[in-house]
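Inspection log for the structure reproduced underneath, given as structure tokens.
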Number of protein chains: 2
Amino acid sequence: MSTSTREKIIQLGDDLLRRQGFNAFSYADISKPLQIRNAAVHYHFPSKQDLAFAIAQWHKDIFDRFSQKMATKEPKDRLKTFLNFYHSIHLSEKVDIISAFATDWYSLGPNIQTEVQEFTELVIEWLTELIQEGMDLGQFRETQNTRTTALRILSSIFASTQLVRITSDQDFTLVKNSILKELLN
Amino acid sequence: MSTSTREKIIQLGDDLLRRQGFNAFSYADISKPLQIRNAAVHYHFPSKQDLAFAIAQWHKDIFDRFSQKMATKEPKDRLKTFLNFYHSIHLSEKVDIISAFATDWYSLGPNIQTEVQEFTELVIEWLTELIQEGMDLGQFRETQNTRTTALRILSSIFASTQLVRITSDQDFTLVKNSILKELLN
DNA sequence: TTGCAAACTTATTAGTAAATAAGTAATTTA
DNA sequence: TAAATTACTTATTTACTAATAAGTTTGCAA
């Protein structure tokens, strides 16, 4: 299965968005590595906003597939997979997609903002349910508000992918282990 | 005491950096509101990197004064003031300065990166000491690793200032209260 | 009062940005 | 096999970017 040009543009765009930020990359940064002309990128995504929208949708799709694949696993393992996923992100000098969009929030059109909001709520709800399930099964320590717990886990790993740029990888590991330790019985 | 043009540029630059990101604002965005010419900004800060460096230094100074003023207060109150400070940030649609710099990390020259690293370490150490002191005084619950606790608090509020752009102000309040509740005896 | 430095302005440049129009080749469809 | 659609290319435009050179005003110091 060969990857289409459209798909390649989305993947490279996502990479640049999360490594440098929405306003820090140009169409040339996409066309050059793919060895196509600038206008070819515009053919697939007339405006940069269109590209951003496609990237947001792409992540929604990926997360859908991820959560379906994880559905059968037990909460503890689901959480570990989730945390490891974010650990791998920052090793490639990127931040997570939600932080990336949040950063450039006021550069984004309303349709993209809505898409990102829906995606974010999806992730928060997924985490909230995961925590509730883990508590019901006695795998996780009881917490008052599961959404708050979910938010704090999300916040921690999101910020960590950014903070390790400044401090060190070791700090990310500290945080990750602390989340697990605090939650697990 | 009237504010100098140099100071005004730094303050407006800081505002733009944290609201839109380093690559999303231009010298025109600074010169226009201040009703000066573009070149006047270049007079004070020849390059955009010079401006970013000045903003980093400015925050270091502010934090120095903040921590000196807080030195006499007890840990619990110091923490509350700290959290409220960050709560006020996101109400003005900005993110904290460390997250802002982290986002545009690869657009920054090495001298700025060093400055930001020093500033970040300063804040982490300040928080770590605060937690240790609070534990010693019996005001805070005992935790294994004070640096980890500091990192998690920092991560939570940093990410929250970004996340609330996407979700809601209510989510920030949830996180803030959760931090206090978790730590306080 | 003269001179000189600080704090600007006007004017310009070289480079890059997103975006679009018009043309072309290859593939698909009717 | 003719026509239309897809996936591009070349060429160009408009607008903005950071940055600099050269000139001007203003206030202070010798």
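Just so it is clear, the model here is predicted, and its values are computed rather than measured. Order of the sequence lines fixes the chain letters, A, B, ..., with proteins taken first and strands second; residue numbering starts at 1 for each chain.
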Checklist entry - What's the NE2-P distance between His42(B) and dT20(D), to the nearest Å? => result 8 Å
Next on the checklist: So which atom in Asp169(B) and which in Leu91(B) form the shortest heavy-atom distance, rounded to 0.1 Å?
Outcome noted: OD1-CD2, 3.5 Å
Next on the checklist: For Arg141(B), I'd like to know if atom CZ has over 12 heavy atoms of other residues, nucleotides or ligands within 6.0 Å.
Outcome noted: yes
Item to check | Lys/Arg-Asp/Glu bridge criterion (N-O < 4.0 Å) met for Lys73(B), Asp77(B) | outcome: no
Item to check | Short side-chain N/O contact to dA7(D) OP1/OP2 from Tyr43(A), under 4.0 Å | outcome: yes
Which donor-acceptor pairs under 3.5 Å do the side chains of residues 120-129 of chain B make with protein atoms, sequence neighbours left out?
{"unit_1": "Thr120(B)", "atom_1": "OG1", "unit_2": "Val116(B)", "atom_2": "O", "d": "2.8"}
{"unit_1": "Glu121(B)", "atom_1": "OE2", "unit_2": "Arg147(B)", "atom_2": "NH1", "d": "2.9"}
{"unit_1": "Thr128(B)", "atom_1": "OG1", "unit_2": "Ile124(B)", "atom_2": "O", "d": "2.6"}

Checklist entry - Are Lys48(B) and Phe25(B) in a cation-pi setup, meaning NZ or CZ lies under 6.0 angstrom from the ring centre and within 45 degrees of the ring axis? => result yes
Next on the checklist: Check this for me: does any side-chain nitrogen of one of Glu118(B) and Lys60(B) sit under 4.0 Å from a carboxylate oxygen of the other?
Outcome noted: yes
Next on the checklist: Just to be sure I understand the geometry, which residues of residues 5-25 of chain B put a non-hydrogen atom under 4.0 Å away from DNA chain C?
Outcome noted: Thr5(B)
Checklist entry - Under the side-chain hydrogen bond (donor to acceptor under 3.5 Å, both in side chains) test, which residues partner Thr167(A), sequence neighbours left out? => result Asp171(A)
Checklist entry - Can you list, by residue number, the residues of residues 27-41 of chain B that have a non-hydrogen atom closer than 4.0 angstrom to DNA chain C? => result Ile36(B), Arg37(B), Ala39(B), Ala40(B)
Next on the checklist: Run the side-chain hydrogen bond (donor to acceptor under 3.5 Å, both in side chains) test against Asp50(B) and tell me which residues pass, sequence neighbours left out.
Outcome noted: Ser47(B)
Next on the checklist: Quick check on dT17(D): is either OP1 or OP2 less than 4.0 Å from any side-chain nitrogen or oxygen of Ser26(B)?
Outcome noted: yes
Item to check | Carboxylate-amine/guanidinium proximity below 4.0 Å for Glu93(A) and Arg18(A) | outcome: no
Checklist entry - If you walk 5' to 3' along DNA chain C, what is the first nucleotide with an atom under 4.0 Å of a heavy atom in chain B, and what is the last? => result dA6(C) to dT10(C)
Item to check | Proximity of Tyr86(A) and Phe158(A) rings by center, below 6.0 Å | outcome: yes
